[in-house]
Amino acid sequence: MVVYNFKKIQPVPGASDFVDIVLTRTQRKTPTVIHPGYKISRIRAFYMRKVKFTQQNYSERLRQILADFPRVEDVHPFYADLMNILYDKDHFKLALGRINTAKNLIETVSRDYVRLLKYGDSLYRCKALKRAALGRMCTVIKKLGPSLAYLDEVRKHLARLPSLDTDTRTLLVTGYPNVGKSSFMNKVDVQGGREGGREGGR
């Protein structure tokens, strides 16, 4: 029995909230004090850790979004058709593709700047490289703003879909408001087997 529960999809934060969440976590979970008197190797390691930690947080959260949302090709045809009607599946695939591209870009930025930090020759230079790396990652996320907002709307729509067992027969009763749908269901529903109920008269 395959039962799809779309209510488990986590809310998708907006671009600004996404950046705030990750940068705040980086600030809390990594060391915050470095002194010019430290060895250059220690200074490099300090800033490399911040860049890697930020990248890992972004990647983890973007990966979670990709994992939460269903692939249209993998769900039952009933849900695939319904999803295509509610929000164009090509638009949906494009939004998920942008999420995946952003994740890859952030990982590339991290690798490039960690490589540059290995050759940083001063505290000032290492700090500048760290700021540039985090700035580029934030820019990538902010460009995702429309896709993140779209996916959160999709999530809300998916959460309203009933959880149906696609291996059993399901009867849908639809019609105009106040034409007797509920009365009909109350007459025939002797075992209490309804999944939903009225929703806005539909």
Side-chain angles (χ1 to χ4, degrees), residues 1-23 25 54-110 135-179 181-182 184-185 193-202:
M1 180 178 73
V2 179
V3 178
Y4 299 95
N5 187 2
F6 300 117
K7 294 179 176 65
K8 291 182 179 179
I9 300 175
Q10 296 296 314
V12 180
S16 296
D17 290 338
F18 206 127
V19 169
D20 290 344
I21 290 168
V22 172
L23 293 185
R25 183 172 172 80
T54 304
Q55 173 264 311
Q56 288 167 358
N57 268 273
Y58 276 130
S59 295
E60 179 184 326
R61 291 176 181 277
L62 292 173
R63 196 178 297 114
Q64 185 62 48
I65 292 172
L66 294 171
D68 278 351
F69 282 90
R71 294 180 59 199
V72 177
E73 296 82 2
D74 294 342
V75 298
H76 189 275
F78 168 77
Y79 283 112
D81 291 342
L82 189 57
M83 290 162 67
N84 190 35
I85 292 169
L86 292 174
Y87 41 84
D88 182 57
K89 67 179 180 181
D90 292 330
H91 194 181
F92 176 62
K93 289 180 180 178
L94 188 61
L96 290 179
R98 286 173 178 158
I99 298 291
N100 190 53
T101 299
K103 182 177 75 68
N104 294 334
L105 280 173
I106 286 173
E107 289 169 357
T108 300
V109 168
S110 175
R136 287 188 62 186
M137 292 181 197
C138 292
T139 299
V140 170
I141 293 297
K142 287 184 177 178
K143 287 181 179 179
L144 275 182
S147 295
L148 293 171
Y150 169 77
L151 287 173
D152 198 49
E153 288 301 312
V154 170
R155 177 192 65 81
K156 293 174 184 176
H157 279 288
L158 285 174
R160 297 189 193 108
L161 297 182
S163 298
L164 303 177
D165 177 7
T166 55
D167 292 333
T168 62
R169 295 181 180 179
T170 302
L171 176 66
L172 300 179
V173 180
T174 63
Y176 289 105
N178 300 317
V179 295
K181 297 186 300 296
S182 296
F184 170 73
M185 288 304 300
R194 278 184 288 176
E195 250 325 303
R198 281 191 312 175
E199 185 178 335
R202 291 188 293 279

Can you tell me how far the [atom1] atom of [X] sits from the [atom2] atom of [Y], to the nearest 0.5 Å?
X: Leu158; Y: Tyr87; atom1: CG; atom2: OH; result: 3.5 Å
X: Leu86; Y: Phe92; atom1: CG; atom2: CZ; result: 11.5 Å
X: Ile106; Y: Thr101; atom1: CD1; atom2: OG1; result: 11.0 Å
X: Arg63; Y: Asp68; atom1: CZ; atom2: CG; result: 12.5 Å
X: Lys93; Y: Glu73; atom1: NZ; atom2: CD; result: 4.0 Å
X: Leu96; Y: Leu151; atom1: CG; atom2: CG; result: 5.5 Å

Close side-chain approach of [X] to [Y], heavy-atom, < 4.5 Å:
X: Arg61; Y: Ile21; result: yes
X: Leu66; Y: Asn100; result: yes
X: Ile9; Y: Pro70; result: yes
X: Val109; Y: Tyr58; result: no
X: Val12; Y: Phe69; result: yes

Judged by atom type as modelled, is there a donor-acceptor pair below 3.5 Å linking the side chain of Lys181 to the main-chain atoms of Tyr176?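 Indeed, once roles are kept as given, a pair shorter than 3.5 Å links the two residues.
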Kindly determine whether Phe18 and Ile65 satisfy side chain to side chain contact (heavy atoms under 4.5 Å, CB included), including the steps that lead there. CA-CA 12 Å; Phe18 206 127; Ile65 292 172; 4.0 Å; yes
Before you tell me yes or no, could you show the steps for Asp152 and Leu148 under side chain to side chain contact (heavy atoms under 4.5 Å, CB included), namely the whole-Å CA-CA distance, both residues' side-chain angles and the distance that decides it to 0.1 Å? CA-CA 6 Å; Asp152 198 49; Leu148 293 171; over 6 Å; no
Which heavy atom of Ala15 sits nearest to which heavy atom of Gly145, and what is that distance? CB-CA, 3.8 Å
Shortest non-hydrogen contact from Arg98 toward Ser147: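 It is CD-OG, 3.3 Å.
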Can you list the steps and then say if Ser110 with Met137 is a side chain to side chain contact (heavy atoms under 4.5 Å, CB included)? CA-CA 8 Å; Ser110 175; Met137 292 181 197; 3.9 Å; yes
Do the charged groups of Lys156 and Glu153 touch, with an N to O distance under 4.0 Å? yes
Taking everything shown except Lys7 itself, do over 12 heavy atoms lie less than 6.0 Å from its NZ?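 Buried by this count: over 12 neighbours within 6.0 Å.
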Decide yes or no on side chain to side chain contact (heavy atoms under 4.5 Å, CB included) for Leu62 and Ile141, but give the supporting numbers first. CA-CA 10 Å; Leu62 292 173; Ile141 293 297; 4.2 Å; yes
